[in-house]
Structures are given as C-alpha cells and as structure tokens.
**Student:** 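Handing you a structure now.
Positions are given from 1 along the sequence. We count ligands from 1, going down the list as the structure has it; atoms in each ligand are counted the same way. Treat the numbers as computed from the prediction; the structure is a model and nothing was measured.
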Amino acid sequence: MAIELEPLPMLIVLSSPSGGGKSSVCRALLAADPKLQYSVSVTSRPPRPGEVNGRDYWFVSEDEFLKLIEQNAFYEWARVHDNYYGTRRDIVEAKLAQGHDVVMDLDVVGGLTIKKLCDRSVLIYVLPPSLKVLEERLRARGTDPEPVIQKRLRNARHEINFAEKYDFVVINDDLEFTVATIRRIIEAQRYASRNQRVKITGDDALIY
Ligand code: ADP
Ligand code: 5GP
C-alpha cells in the first residue's frame, strides 16, 4: 500500500482507590493484548504474601528508593499511604522503543504527572460501584491488616475526586465488562492522530 499509518506507542495509566480493581484489570488487559506491556514500579513498601519481586514491583528499602530519586532514575514518583512508589525511566523507555504500549498502575499524583510529561498518554480512572463495595473487596482480598484498610478507605474519598481530571472514567461493577470497556478505549486511542504517523510510501512517494 502507498499510504500507511505507523502506530506510535503510548502510555496507558490506570488509577483507582486501593481495592478499586486496577491490578485485576491490568492482569486481564495484559493477558488479552500482546502489544501491551506492564511497567513494573519500584516501591519501598514490603511485599504482600504472594507478591513477586520484578513481577508485581521491584521491592527496595526506603534508602535505596531515595538514592534512585537522587540519581534521577524515575520518570515519576510519589509517596502513597506512607510508602514510596516510582516508575523507572529506563524501563518505560525500553518498552516504548520496542513498540509496546505501556500500562501503568499509578496513584493520581503519578497519573497527572504522566499527563503533563507525555502527549501520547491516556488516563483511565476505575471507580468502585460504592464505598461499601470497596470496603468489602479490600477485606475479601485479605492482603492488608485492619488499620491499613481503614487508612485506604479514608484516602479513597479524597482520591475519587481526581477522577474528573482523567480522560476516561469507568465503574468497575462487573470485571469482565470493565475490561472489555477499557480494551475499547485503548483500541480507539490507537486511532488518535497523535498516536499515529502518516507515511506515504512506494510509488506514491515518488510520483506526487
Ligand atoms: P487494586 O489493584 O485497585 O488495589 P484489586 O485488583 O486488587 O484492586 O482488587 C481488589 C479486590 O477486589 C481483589 O480481591 C479483586 O479480586 C476484587 N475485584 C476486583 N474487581 C472486581 C469486580 N468487578 N467484582 C468483584 N471483585 C472484584
Ligand atoms: P499498592 O500498595 O496497593 O500496591 O499501591 C498503592 C498505590 O500506589 C496505588 O494507588 C498504586 O496505583 C500506586 N502506585 C503503584 N506504583 C506506582 C508508581 O510507580 N508511581 C505512582 N505515582 N504510584 C504508584
């Protein structure tokens, strides 16, 4: 063909209050779409049971995290629920260079930083159907002690206010429906003019 569209990789940010469903949505998106790759963040939070270093997070001490900040290793970082979390610049750049769209699970501070830094980003906020359901899901997940759950619920009210600053907002009632909706959003974003380059090739490039 003589006119082609070259896809330009983008950053896909997912945010929600803790327990809102980001990790579940991310897992399903990555399993369904080989063009997507996950940006594994660095954190000073201790691993939860079942979390694997390098898959869920890169787990480091607070001192190591502060050193990485000094070295300007982070594309963005934030302190959330008393722990540090950050996205490594080199990890994201390598994935974009390979042509992957990069999925990031970030808090709202991180999400808005990415929006400022990168034109080719899409921010998706995942809301729980209610705060009561959020509390039930946090309890059922069974990964956090009660005081941590209480703190996350208190923060949830504040964080939900940021949803309107995101490009898209989806209520995560039925997980399958949520994932299907977010896949449609991603697919549509791939057709945005900022996420593609028009190339005139072959005879068209020579003749006209
Ligand atoms: P986050 O990553 O935002 O903290 P998770 O993906 O860990 O949230 O989800 C919190 C809990 O809720 C998990 O136990 C998950 O299996 C469950 N969950 C997520 N989405 C739904 C949904 N739509 N319906 C029922 N349970 C859900
Ligand atoms: P959790 O401890 O539940 O895994 O994550 C707590 C919060 O930190 C979540 O809101 C999650 O989205 C956010 N988070 C995880 N990684 C990063 C990151 O690299 N940067 C920022 N800004 N937030 C992150």
**Student:** Can you name the one residue among Arg184, Arg27, Arg190 that meets salt bridge (charged side-chain N to carboxylate O under 4.0 Å, His left out) with Asp33?
**Tutor:**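 When salt bridge (charged side-chain N to carboxylate O under 4.0 Å, His left out) is applied between Asp33 and each of Arg184, Arg27, Arg190, only Arg190 qualifies.
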**Student:** Polar contacts were defined as any N/O atom of the residue lying under 3.5 Å from an N/O atom of the ligand; does this apply to Ser23 and ligand 1?
**Tutor:**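 Yes - when backbone and side-chain N and O of Ser23 are compared with those of ligand 1, one distance drops under 3.5 Å.
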**Student:** Closer than 4.0 angstrom, basic N to acidic O: yes or no for Arg197 and Glu4?
**Tutor:**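 Salt bridge: no.
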**Student:** Using the ring of each side chain (for Trp, its six-membered ring), is Phe65 parallel, tilted or perpendicular to Phe74, with breaks at 30° and 60°?
**Tutor:**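 Plane angle under 30°, so parallel.
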**Student:** Please check whether Arg45 reaches ligand 2 - meaning an N/O of the residue sits under 3.5 Å from an N/O of the ligand, judged on distance alone.
**Tutor:**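 Indeed, backbone or side chain, Arg45 has an N or O that close.
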**Student:** Just by modelled atom types, is the Ile149 backbone N or O under 3.5 Å from a matching donor or acceptor in the Asp144 side chain?
**Tutor:**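 Looks like no, no N/O pair under 3.5 Å.
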**Student:** Kindly indicate whether the side chain of Ile114, heavy atoms from C-beta on, has any atom under 4.5 Å from the side chain of Tyr75.
**Tutor:**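 Side-chain contact under 4.5 Å: yes.
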**Student:** Considering only the protein, which heavy-atom contact is closest to atom 20 (N) of ligand 1, and what is its distance?
**Tutor:**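 Looking at atom 20 (N) of ligand 1, the protein heavy atom closest to it is Asn172 ND2, 3.0 Å.
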**Student:** Do Tyr85 and ligand 2 have an N or O pair less than 3.5 Å apart?
**Tutor:**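 Such a contact does occur with ligand 2.
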**Student:** Looking at Lys35, is its backbone amide N or carbonyl O close enough to the side chain of His100 to form a donor-acceptor pair, meaning the two atoms are under 3.5 Å apart?
**Tutor:**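 Present.
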**Student:** Measuring from the heavy atoms of Gly86, does anything fall under 4.0 Å of ligand 2?
**Tutor:**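 Gly86 counts as a contact of ligand 2 under the 4.0 Å cut-off.
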**Student:** Within less than 4.0 angstrom of ligand 2, does Val109 place any heavy atom?
**Tutor:**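 No, Val109 has no heavy atom closer than 4.0 Å to ligand 2.
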**Student:** Could you check whether the rings of Tyr125 and Tyr166 sit parallel, tilted or perpendicular, using 30° and 60° as the cut-offs?
**Tutor:**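 Answer is perpendicular, since the angle exceeds 60°.
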**Student:** Among all protein heavy atoms in this structure, tell me which lies nearest to atom 20 (N) of ligand 2, with the distance rounded to 0.1 Å.
**Tutor:**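 I find the closest protein heavy atom is Glu76 OE2, 2.7 Å.
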**Student:** Is there a heavy atom of Arg48 sitting under 4.0 angstrom from any atom of ligand 2?
**Tutor:**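 Yes, Arg48 has heavy atoms under 4.0 Å from ligand 2.
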**Student:** Among all the protein's non-hydrogen atoms, which is closest to atom 13 (C) of ligand 2, and how far away is it?
**Tutor:**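 Its nearest protein heavy-atom neighbour is Asp107 N, 3.6 Å.
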**Student:** Under 4.0 Å from a heavy atom of Ser16: which atoms of ligand 1 are those, numbered in the order shown and with their elements?
**Tutor:**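 Heavy-atom distances to Ser16 below 4.0 Å select 3 (O).
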**Student:** Under 4.0 Å between a Lys/Arg side-chain N and an Asp/Glu carboxylate O for Arg183 and Glu187?
**Tutor:**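 The answer is no: the pair does not qualify as a salt bridge.
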**Student:** So that I can tick it off, tell me whether Asp167 and Lys115 are bridged by a salt bridge, with the cut-off set at under 4.0 angstrom between side-chain N and carboxylate O.
**Tutor:**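 Result for this pair is yes, salt bridge flagged.
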**Student:** Just which atoms of ligand 1 are under 4.0 Å from any heavy atom in Ser18?
**Tutor:**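 Reading through ligand 1 atom by atom, the close ones are 4 (O).
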**Student:** Check this for me - ligand 2, Ser16, N or O atoms closer than 3.5 angstrom, yes or no?
**Tutor:**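 No: no nitrogen or oxygen of Ser16 is under 3.5 Å from one in ligand 2.
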**Student:** Should Tyr57 be listed as contacting ligand 2, given a heavy-atom distance under 4.0 Å as the test?
**Tutor:**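 It does, in that a heavy atom of Tyr57 comes within the 4.0 Å cut-off of ligand 2.
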**Student:** Give me the residue, atom name and distance of the protein heavy atom closest to atom 6 (O) of ligand 1.
**Tutor:**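 For this ligand atom, the closest protein heavy atom is Ser24 OG, 2.6 Å.
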**Student:** May I ask you to identify the nearest protein heavy atom to atom 7 (C) of ligand 2, giving residue, atom name and distance to one decimal place in Å?
**Tutor:**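 Minimum-distance protein heavy atom for atom 7 (C) of ligand 2 reads Val80 CG1, 3.8 Å.
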**Student:** What atoms in ligand 2 come closer than 4.0 Å to a heavy atom of Asp105?
**Tutor:**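 Those of ligand 2 that fall under 4.0 Å from Asp105 are 11 (C), 12 (O), 14 (N), 15 (C), 16 (N), 17 (C), 24 (C).
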**Student:** Is the backbone of Met104 close enough, under 3.5 Å, to the side chain of Ser39 for a donor and an acceptor to pair up by distance?
**Tutor:**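 Between the backbone of Met104 and the side chain of Ser39 there is no qualifying donor-acceptor contact (under 3.5 Å).
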**Student:** Numbering the atoms of ligand 1 from 1, which are under 4.0 Å from a heavy atom of Asp173?
**Tutor:**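 Those qualifying, in numeric order: 22 (C), 23 (N), 24 (N).
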**Student:** Look at atom 14 (O) of ligand 1 and say which protein heavy atom is nearest, naming residue and atom and giving the distance to 0.1 Å.
**Tutor:**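 Nearest neighbour among protein heavy atoms for atom 14 (O) of ligand 1, to 0.1 Å: Arg141 CB, 3.6 Å.
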**Student:** Quick one: does Arg152 get a heavy atom under 4.0 Å from ligand 2?
**Tutor:**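 True for this residue.
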**Student:** Would you confirm whether Lys22, through its side chain, and Leu14, through its main-chain N or O, come within 3.5 Å as a donor-acceptor pair?
**Tutor:**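 Not confirmed, Lys22 side chain does not pair with Leu14 backbone.
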**Student:** Among all the protein's non-hydrogen atoms, which is closest to atom 17 (C) of ligand 1, and how far away is it?
**Tutor:**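 Protein heavy atom at minimum distance: Arg137 CD, 4.3 Å.
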**Student:** Please name the pair of heavy atoms, one in Arg48 and one in Arg141, separated by the smallest distance, quoted to 0.1 Å.
**Tutor:**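 Smallest interatomic distance, heavy atoms only, reads NH2-NH2, 3.7 Å.
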**Student:** Among all protein non-hydrogen atoms, which one is nearest to atom 10 (C) of ligand 1, and what is the separation to 0.1 Å?
**Tutor:**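 Sorting protein heavy atoms by distance from atom 10 (C) of ligand 1 puts Gly19 O, 3.5 Å first.
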**Student:** Would you mind checking which non-hydrogen protein atom is closest to atom 19 (O) of ligand 2, with the distance to 0.1 Å?
**Tutor:**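 Atom 19 (O) of ligand 2 sits closest to the protein heavy atom Ser41 OG, 2.6 Å.
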**Student:** Heavy-atom distance under 4.5 Å between the side chains of Arg137 and Val133, does that happen here?
**Tutor:**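 Counting from C-beta outward, Arg137 and Val133 do come under 4.5 Å.
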**Student:** Counting N and O atoms only, with roles assigned by atom type, does the side chain of Asp173 sit under 3.5 Å from a partner on the main chain of Pro129, one being a donor and the other an acceptor?
**Tutor:**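 Side chain of Asp173 to backbone of Pro129, a donor-acceptor pair under 3.5 Å: no, none is there.
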**Student:** Using a 4.5 Å cut-off on heavy atoms from C-beta on, say whether the side chain of Leu5 contacts that of Val198.
**Tutor:**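 In short, these two side chains touch, coming nearer than 4.5 Å.
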**Student:** Starting from atom 8 (O) of ligand 1, locate the nearest protein heavy atom and write down its residue, its atom name and how far away it is, to 0.1 Å.
**Tutor:**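 Going by distance alone, atom 8 (O) of ligand 1 is nearest to Gly21 N, 3.1 Å.
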**Student:** Under 4.0 Å from a heavy atom of Ala78: give me the atoms of ligand 2 that qualify, with their elements.
**Tutor:**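 Those of ligand 2 that fall under 4.0 Å from Ala78 are 22 (N).
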**Student:** Considering the heavy atoms of Gly110, write down every atom of ligand 2 situated less than 4.0 Å from one of them.
**Tutor:**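 So the atoms of ligand 2 that pass are 22 (N).
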